[in-house]
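Worksheet for the structure shown next.
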There are 2 protein chains.
Amino acid sequence: MSSREATNTNAPRVLIVEDEEALSLLLAYNLEAEGYVVERCERGDDAELLLLEGPPDLVILDWMLPGVSGIEICRRLRAREGTRTLPVIMLTARGEEDERVRGLSVGADDYVVKPFSVPELMARVRALLRRAAPERIAGRLAAGDIELDRETHRVRRGARDVHLGPTEFRLLDRLLEKPGRVFTRAQLLDAVWGNTAEIDERTVDVHVGRLRKALSHGREPDPIRTIRGAGYAFDETFGR
Amino acid sequence: MSSREATNTNAPRVLIVEDEEALSLLLAYNLEAEGYVVERCERGDDAELLLLEGPPDLVILDWMLPGVSGIEICRRLRAREGTRTLPVIMLTARGEEDERVRGLSVGADDYVVKPFSVPELMARVRALLRRAAPERIAGRLAAGDIELDRETHRVRRGARDVHLGPTEFRLLDRLLEKPGRVFTRAQLLDAVWGNTAEIDERTVDVHVGRLRKALSHGREPDPIRTIRGAGYAFDETFGR
DNA sequence: GTCTTCATGACAAACCCATGACATCTTAAG
DNA sequence: CTTAAGATGTCATGGGTTTGTCATGAAGAC
C-alpha cells in the first residue's frame, strides 16, 4: 500500500472547508498521503461554488467560517437532491461542544472537536467513506449447473461445493456476469485484478486454467470457452 | 416449531402477484391455512404500490404480468434499499424455462415452474422465510444447536451454556443475523465496534478466534466460516 | 511445416489467517 | 481504596494457501 498513484481517477475526492490555513494544509497533506484527491477552500461562500461544480465524496467542514457558516452549508447540502447523502464531518472548537446536538441535527455524519489527533480524523474519514460506498449488488449468478452466490461467497456445481481462491472467484464472477461475452485479457485484468499495471497478461491464462480445473473436477464439460486471439468467455450455450 | 395463531400480528406477510385468479386464490388459501397473512394483486403496477406501502416478508411473483413484468419488479426490489433482501419466488410457465438464468440473475431467490404441486411451493416458502426470519424475530437467534437470546444476553450450544464477552456476543449476534452471508472485516467493525473506527482490522480475527474457542469447546464442529480474502460468515449449512 | 497462441506443471515469494503472549483498561469484589 | 478478575486491542510468530512467473509442450492458423 506504499506507492501511490499520482492521479488515480477513482480515488475518493475530499473537500476541506477551513479558514485556519495551517490546519487545512495539515489535513490535505495527510489525506493526499492516503491517496485521496483533496480540494481546499477557506470561505463558506467559496465552498458553495465548488460544491455546485461537482460534489466530492466527502466534506470536512469547519463550524465557524467567514462568509457562510459551516452549519449553513451543511443544511443546504442536505436540502439539495444530489448532495443529500454526501458524508460530512464537522470540525468544532472546544467550547462549542454544547452545540453538538445542533450540529448533528443539521445532518453532519460525524463530529470532531478541536484539537483532535490526525489519525483519529483519518479513521473517521475512512469509516464514513466505507459506509457510503455503494454495496455490491449481492445476488446469485447461475448458468447451467454452475452457481455463484455473492452473498455467501459460495460456488457450486451441481450438488458439489467448489472451492476457489479469491482471484478465481472474482474471475468466475466477472465471466458469469455476462455469459457468452468475450473478455480480453486486459479487460479481465482490469476487472479482476484492479491495477492492471504490473501483471503479465499470460497470468490470466493460468488463472483460467485453475478455474477450469476447479470447476471440472471429473469428466464434466468445460464451461469456459477460449477465443483464440481474443480472450475468454463463459460458454452461454453451456447446459442447454 | 411452526404452528401459528390465525391472526398473529407477527405472522409473516406474503404478497402474491399473479394475474391468473384461480391460481392466486389457491395459493392464498393454502398459505392462509398455514397461518400466513396474504395479500394478492393481479397487475405489476399495482404490486409496486403495495410494495411501497409496506414490504411483506416474502413475494410470490409471476413472470408474465400485465402492467409491469415480474422480472422488472424483481429488479426494482433489488435496487431499493429496504427490499434488497426481500425473498422472492418467481413463477414461470414451462417453455419460459430457458429464461431461468435471467430470472436468477435478476435476483429471485427461488424459481418454480408451472404447473407445480402446492406442497412443493409451500415447502419453498417455508424454506425462504426460515432463511430470512432471524432478522425479524427480535430477541432470539438460532442456527443448528447454537442459540443466542438477546433478552437474557445468553448463548447456548446444545445443552451447555456458553460464556461470551460483550464483544464476542455482539459479533455472534451480527453473524447470526444473516447466516451464510459473508461480512467483511470493515463491516463487522462498523456493526460490532461502532463508529470509533480507530481499530485495526486484524483485531476482528482475534475476536473471531475467541468466539470460536468459546463455541467449540470440545470436538464440536466450527460454525464459523473463514472466507479467504473476504471475511467471515456463519455457516448456514451448519446443522443440516 | 512453421509460426503463433494457449495449456499446464513446477516453484518461490507473497500473502493471509490462526494463535499465544502481553500490556492496558474496565469491572467487580473485598 | 485496593486488589483481583476479566475483557480488549495489538503484536510477533508460524503454517498453510494463493499467486505470478516461467519453461515446456500441445493445439491452431496459414
Reading DNA chain D from 5' to 3', where do the contacts with chain A start and stop? Cut-off is 4.0 Å to heavy atoms. D:dT18 to D:dA29

From CA spacing to verdict: salt bridge (Lys or Arg N to Asp or Glu O under 4.0 Å), A:R185, A:D200: CA-CA 10 Å; A:R185 291 177 174 75; A:D200 193 279; over 6 Å; no

Decide yes or no on side chain to side chain contact (heavy atoms under 4.5 Å, CB included) for A:C41 and A:E18, but give the supporting numbers first. CA-CA 7 Å; A:C41 77; A:E18 164 67 60; over 6 Å; no

Does the distance from a Lys or Arg side-chain N to an Asp or Glu carboxylate O, for B:D149 and B:R154, drop under 4.0 Å? no

Could you tell me whether A:D205 and A:R202 make a salt bridge, using a distance below 4.0 angstrom between a side-chain N and a carboxylate O? yes

How long is the straight-line distance from CZ of B:R174 back to CZ of B:F183, given to the nearest 0.5 Å? 4.5 Å

Contacts of A:D200 and B:P166 projected onto DNA chain D by closest heavy atom; the upstream (5') one is B:P166

OP1 or OP2 of C:dG20 sitting under 4.0 Å from any side-chain N/O of B:K213? yes

In terms of side-chain geometry, is the basic nitrogen of A:R212 or A:E168 positioned less than 4.0 Å from the acidic oxygen of its partner? no

According to ring-ring contact (aromatic ring centres under 6.0 Å, His included), who are the partners of B:F169, at least two apart in sequence or on a separate chain? B:H153

DNA chain D: 5'-proximal contact among B:L164 and A:E201 (nearest heavy atom): B:L164

Protein N or O to nucleotides 12-19 of chain C N or O, pairs below 3.5 Å:
unit_1, atom_1, unit_2, atom_2, d
C:dC16, O2, B:R228, NH2, 3.1
C:dC17, OP1, B:G229, N, 2.8
C:dC17, OP2, B:R185, NH2, 3.4
C:dC17, OP2, B:R202, NH1, 3.4
C:dC17, OP2, B:R202, NH2, 2.9
C:dA18, OP1, B:R212, NH1, 3.0
C:dA18, OP1, B:T226, OG1, 2.6
C:dA18, OP2, B:Y232, OH, 2.6

Is the backbone N or O of B:T184 less than 3.5 Å from a side-chain atom of B:Q187, with the two atoms forming a donor-acceptor pair by type? yes

